[in-house]
Amino acid sequence: MPGRPGAEVPAESTLAVVGAGAMGSQIAYQAALHGYDVRLISRSDDRLRAAGAASEALLRRRVEKGTLDGDACEAALGRVTMGSEFDALAGAGTIIESVAEDRDIKREVYARICGHADDTAIIGTNSSTLASSLLESAVTHPERFLNIHFFNPALLMALVEVVPGPHTAEDTVVRAMEFARAIGKTPVRLAREEFGFIANRILFIAVQEAMRLVQGGYISVEDCDLAVRNALGWPMGPFQLSDLVGLDVVEAILDEGFRQTGDQRWEPVEMLRDLVAQGRLGRKTGGGFFTGMAQ
Ligand code: 3HC
């Protein structure tokens with residue numbers, strides 16, 4: 001992690017994000033836009049380069065469109081430092097973990113995070129399917145650990161779900177809510193953990209229902225999206241949205257929902273399984289329910 005000459009930024013306005021996928025990197029740049037000093041950490045240099053380039057392109061497009069001041073853009077870009085060393089966690093008041101949705105990987109990452117995090121830092125997992133109580137034993141200070149869940153694309157979607165587990169201290173919840181507001185998001189606080197939290201709980205059951213209708217031959221993918229956009233006012237239909245989120249991610253959320261709730265509504269339908277098996281994962285592979293990028 002390169003040094004930052006003269007930068008003595010207080011921990012309250014310092015964020016570390018571990019995991020530089022689309023979510024982690026957009027969370028990092030969102031916080032940088034709101035004045036946070038951000039350290040983005042990934043084990044992969046390629047990931048970091050790609051994350052930086054994608055987010056930089058999004059911010060520069062805002063400048064071109066006149067929705068972001070050029071100086072503010074440059075300042076935000078300059079506030080994000082990237083690297084693979086966890087010692088960059090020192091001095092961060094807030095840490096967001098946004099690595100793969102895999103308990104073992106997350107546990108390993110928490111062991112490393114807890115070896116370097118400040119004793120006062122709060123740690124939020126961006127996991128959508130693993131409540132923090134399922135990971136809590138891997139964390140040194142569970143009282144400062146909870147779910148802080150963002151939505152895709154994180155630079156745009158306003159909602160952040162703040163979900164305390166039974167181990168989470170009230171002060172941690174308050175700090176997580178303050179952090180979300182400080183980076184320009186609208187937080188909602190859940191009273192307790194529940195699979196899918198709020199938005200995904202509603203969304204993915206609806207997405208599954210759309211897939212069942214298409215699979216049953218009642219309607220095409222295109223017309224189902226058209227119907228949902230025009231009747232329900234969704235900005236994207238369920239299939240276009242699934243392509244944006246990633247079909248592997250959708251499948252994993254549904255699998256985990258079925259595993260955790262036993263409710264058959266979560267069990268992924270065949271057409272989704274088939275597309276994932278073919279490697280058609282949505283936008284990131286250039287096609288999912290829709291072919292190509294023209295979505
Ligand atoms: N990442 C970042 N920015 C993006 C983007 C992306 N993938 N796609 C579009 N944008 C930006 C554009 O750059 C543009 O920004 P600008 O105005 O600053 O230049 C802005 O979005 C508008 O773009 P468009 O006019 O091309 O597109 P839309 O008007 O359709 O808006 C959208 C795009 C905001 C993504 C909108 O379609 C939308 O709200 N879709 C629904 C998204 C949604 O439901 N997300 C939740 C998914 S579930 C989830 O995340 C849970 C997790 O656990 C899996």
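Model, not experiment: these values are computed from the prediction.
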*Is there a donor-acceptor pair closer than 3.5 Å between any side-chain N or O of T129 and the backbone N or O of I253?*
no
*Heavy-atom closest pair, residues G165 and E193*: CA-OE2, 3.3 Å
*Looking at A20 and S42, what are the two nearest heavy atoms and their distance?*
CB-CB, 3.7 Å
*Ignoring hydrogens and angles, tell me if any N or O in the side chain of D223 forms a donor-acceptor pair with the backbone of I219 under 3.5 Å.*
no
*Rounded to the nearest 0.5 Å, what's the gap from SG on C114 to NE2 on H141? Could you check?*
8.0 Å
*S132 and H167 side chains, donor-acceptor separation under 3.5 Å*: yes
*With a cut-off of 6.0 Å (strictly less than), are more than 12 heavy atoms of other residues, nucleotides or ligands near CD of E108?*
no
*Where does the angle between the aromatic ring planes of F239 and F289 fall among parallel (under 30°), tilted (30 to 60°) and perpendicular (over 60°)?*
perpendicular
*Taking Q26 for the side chain and L155 for the main chain, is one N or O donor matched with an acceptor at less than 3.5 Å?*
yes
*Does L40 reach the side chain of T81, with side-chain heavy atoms less than 4.5 Å apart?*
no
*Quick one: do D243 and K284 make a salt bridge, cutoff under 4.0 Å?*
no
*Roughly how far apart are C73 SG and E56 CD, rounded to 0.5 Å?*
7.0 Å
*List the atom of I148, the atom of A176, and the distance in Å for their closest heavy-atom pair.*
CD1-CB, 3.8 Å
*Is atom CZ of R201 surrounded by more than 12 heavy atoms (other residues, nucleotides or ligands) closer than 6.0 Å?*
yes
_Rounded distance [0.5 Å steps], NZ in K185 versus CZ in F150_ = 7.0 Å
_Any carboxylate oxygen within less than 4.0 angstrom of a Lys/Arg side-chain nitrogen, looking at D46 and R49?_
yes
*asked:* Tell me whether E97 contacts the main-chain N or O of T125 through its side chain, where contact means a donor paired with an acceptor under 3.5 Å.
replied: no
_Side chains of S127 and E101: any donor to acceptor distance under 3.5 Å?_
yes
_I need the T14 OG1 to R79 CZ distance, nearest 0.5 Å._
11.5 Å
*Search all heavy atoms of V214 against all heavy atoms of M271 and return the closest pair with its distance.*
CG1-CE, 3.7 Å
*Carboxylate-amine/guanidinium proximity below 4.0 Å for R39 and D37*: yes
*asked:* Can you confirm whether E170 is buried at CD, in the sense that more than 12 heavy atoms of other residues, nucleotides or ligands lie under 6.0 Å from that atom?
replied: yes
*About how many Å separate CE of M177 and OG1 of T186, when rounded to the nearest 0.5 Å?*
10.0 Å
_Quick test of your reading of the model: are E256 and R259 salt-bridged, counting only N-O distances below 4.0 Å?_
yes
*asked:* If you define the side chain from C-beta out and look only at heavy atoms, does anything of L146 sit under 4.5 Å from I123?
replied: no
*asked:* Using a strict threshold of under 4.0 Å (side-chain N to carboxylate O), is an ion pair present between R212 and E209?
replied: yes
_Between R273 and D255 (salt bridge meaning N to carboxylate O under 4.0 Å), is one present in this structure?_
yes
*I41 vs F86 side-chain heavy atoms within contact, under 4.5 Å*: yes
*Between NZ of K106 and CD1 of I113, what distance do you get to the nearest 0.5 Å?*
9.5 Å
*So, do N152 and M23 sit near enough that their side-chain heavy atoms are less than 4.5 Å apart?*
yes
*Could you tell me whether R60 and E74 make a salt bridge, using a distance below 4.0 angstrom between a side-chain N and a carboxylate O?*
yes
*What closest approach, in Å, do L190 and I198 show between heavy atoms, and which atom pair accounts for it?*
CD1-CG1, 3.7 Å
*Which is it for F179 and V160 under the side chain to side chain contact (heavy atoms under 4.5 Å, CB included) test, yes or no, and what are the steps along the way?*
CA-CA 10 Å; F179 162 71; V160 170; over 6 Å; no
